[in-house]
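Scroll down for the structure; my scribbles are underneath it.
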Amino acid sequence: SPETKQHFAREYDCYGDSYTADVGVAQLKEVFSRMNDLE
Amino acid sequence: MEKKVRRIYPLSEPGTTYFLQIVWEKDLGTGFDVILTDGQSAWSGRVPKEEISREAADMEMEQKKYVEELRKVFLTEGIPSNIYNFDISKEGTNGDCLHFSYEKKLRDLSFRLGSLKLQRIPSPTEVISKLISCCLDFIVGLHAKNEHLQRENEILLNDLNEVQDQLQKCVEAKEELETELYKKFILVLNEKKAKIRNLQKCLKEAEETAVKATQ
Amino acid sequence: MEKKVRRIYPLSEPGTTYFLQIVWEKDLGTGFDVILTDGQSAWSGRVPKEEISREAADMEMEQKKYVEELRKVFLTEGIPSNIYNFDISKEGTNGDCLHFSYEKKLRDLSFRLGSLKLQRIPSPTEVISKLISCCLDFIVGLHAKNEHLQRENEILLNDLNEVQDQLQKCVEAKEELETELYKKFILVLNEKKAKIRNLQKCLKEAEETAVKATQ
């Protein structure tokens, strides 16, 4: 829904990495691997 | 000059081992000398180039192919004995002349590859001595080649072990690099996230202040 | 049973090549048979174990060391001829008995390592034929070893090329990994930086609003 979209846009950058929640190795790897698909 | 010694077991004397020494210049097709000995007597002869051409023509075989056959007959040790046959027949009073023939067997057929007359060598000592020396020289040469191959083997084995070590190190370095980079990335990234959290908190407070002040 | 054939040049007949065949069971120290031939005549004899012990004792040399010397004298081809000397002296009417001796030279001294009486072999054909066969068998064995080493060489070379390729690929993969990770990290980091810039802008505006409202 637009609200959910807005919420995600506020909380996450376009690569799916949270703006505020600390990230660990596994999540960062996850983000990087998703970037391959984005590419 | 090339030399080769091999054993033959003539059809007419299957129980006797004869030694055949072939001596030729670079190409067998230019003709070759034959020495045959049983370890006590010796006979010698020569197959000239013309003879080789004539034989090839008689058999309507291309000269090159014929010479290849001769190489297999005379120079290849360990060829299964059921492929080539040798035969001798002694002529003259005390076998001074010896008729030496060689043939190839194809299934139950066999066709003569060639033959020649060998003359007995009156004092064979030197010829037999030279034949044994030829074998010993061959052994020395093979030993040298063996040692060379052995050394090459050792060098290759060392190189292989070294490159495998380097590969192992490279794989480990790659894994360490990845771990190291993620560790650093996370530190920097979480710094920025903390900053964002702090800015969001400040912004929230500033907005509340602005709202209150406006009210 | 082990056999070895080598050339010797007796001091008393320097121009004549003799062939010495040594036949022994596992350890030379348990005694060995000697056959000597010039390619026409042949003589044979045996050095029994007791003789070896006696010789070692006479020379006050440890038996093991003495046998090692015998190995060098008889079994090592290509030993520089200035280290060991051989000599023969024919005895009896037509040389039926032959005295064979072998010695080691140390600088200008030489000491006898041993000697034995050899009996002429009445019909040497078979012995000489067997000696030549022994050489040819040795050649076949060396050829086989050569081929084995050659094949091993090829396998090692293939393995080495393969591992070098893998190493090359690993080095490239490590560089690519580093480039890739930095590229992605910069993208994610710059998103945070953009967010921070945006929050700072919002915060500045909110603060200005609050200040104005308060005024």
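All values below come from the heavy atoms of this structure, side chains included, with hydrogens, waters and symmetry mates left out.
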Is it the case that more than 12 heavy atoms not belonging to Lys90(C) sit under 6.0 Å from its NZ atom?
yes
Pick one of side chain, backbone, both or neither for Ser41(B), based on which atoms fall under 4.5 Å of a heavy atom in chain C.
neither
Does Val23(B) form a side chain to side chain contact (heavy atoms under 4.5 Å, CB included) with Met1(B)? I'd like the steps, not just the answer.
CA-CA 7 Å; Val23(B) 182; Met1(B) 180 170 70; 3.3 Å; yes
Quick one: do Asp27(C) and Arg71(C) make a salt bridge, cutoff under 4.0 Å?
no
With the side chain counted from C-beta on, respond yes when Tyr66(B) and Ile52(B) share a heavy-atom pair under 4.5 Å apart, and no when they do not.
yes
Among Asn146(B), Ile128(B), Leu167(B), Leu160(B), the residue with the most heavy-atom pairs under 4.5 Å to chain C is Asn146(B)
Strictly less than 4.5 Å between heavy atoms, which residues of residues 173-191 of chain B line up against chain C? Please order them by number.
Ala173(B), Lys174(B), Leu177(B), Glu178(B), Leu181(B), Tyr182(B), Phe185(B), Val188(B), Leu189(B)
Proximal component of Asp165(B), with respect to chain C [non-hydrogen, under 4.5 Å]:
neither
After noting the C-alpha distance and the side-chain angles of Ile88(C) and Leu11(C), does the key distance pass the side chain to side chain contact (heavy atoms under 4.5 Å, CB included) rule?
CA-CA 8 Å; Ile88(C) 59 174; Leu11(C) 292 175; over 6 Å; no
Can you see whether Gln168(B) engages Glu172(B) through a side-chain donor-acceptor pair at a distance of less than 3.5 angstrom?
yes
Does any non-hydrogen side-chain atom of Ser115(B) lie less than 4.5 Å from one of His99(B)?
yes
Which of residues 198-214 of chain C get closer than 4.5 angstrom to chain B, counting heavy atoms alone?
Leu199(C), Gln200(C), Cys202(C), Leu203(C), Ala206(C), Glu207(C), Thr209(C), Ala210(C), Ala213(C), Thr214(C)
In plain terms, say whether Glu55(B) and Arg112(B) are close enough for a salt bridge, that is, a side-chain N and a carboxylate O under 4.0 Å apart.
yes
Angle between ring planes, Phe86(B) versus Phe74(B), binned at 30° and 60°: parallel, tilted or perpendicular?
tilted
Closer than 4.0 angstrom, basic N to acidic O: yes or no for Glu51(C) and Arg46(C)?
no
Is Lys3(C) salt-bridged to Asp33(C), going by a charged N under 4.0 Å from an acidic O?
no
Under a 4.5 Å heavy-atom cutoff, which of Glu152(B), Lys169(B), Lys130(B) has the most pairs with chain C?
Glu152(B)
Could you check if a side-chain atom of Cys135(B) sits within less than 4.5 angstrom of a side-chain atom of Ile139(C), using non-hydrogen atoms only?
yes
Check the pair Leu36(C), Ile8(C) against side chain to side chain contact (heavy atoms under 4.5 Å, CB included), reporting the backbone distance first and the verdict last.
CA-CA 9 Å; Leu36(C) 189 70; Ile8(C) 64 167; 3.6 Å; yes
I need the residue from Asn153(B), Thr37(B), Val163(B) with the largest number of non-hydrogen atom pairs under 4.5 Å to chain C.
Asn153(B)
Between Glu25(C) and Phe32(C), is any pair of side-chain heavy atoms under 4.5 Å apart?
no
Chain C: which of Val171(B), Asp38(B), Val127(B), Leu131(B) shares the most heavy-atom pairs with it under 4.5 Å?
Asp38(B)
Salt bridge check, Glu69(C) against Lys104(C): does any charged N sit closer than 4.0 Å to a carboxylate O?
yes
Would you call Leu113(C) and Glu103(C) a side-chain contact if the rule is heavy atoms closer than 4.5 Å?
no
Min side-chain heavy-atom separation Gln21(B)-Lys4(B) under 4.5 Å
no
Any residue of residues 12-20 of chain C which, by heavy atoms, sits under 4.5 Å from chain B
Thr17(C), Phe19(C)
Pairwise side-chain contact, Lys193(B) with Lys192(C), heavy-atom cut-off 4.5 Å (strictly under):
yes
Residues from residues 118-126 of chain B approaching chain C under 4.5 Å (heavy atoms):
Pro124(B), Thr125(B)
Does any non-hydrogen side-chain atom of Leu75(C) lie less than 4.5 Å from one of Trp24(C)?
yes
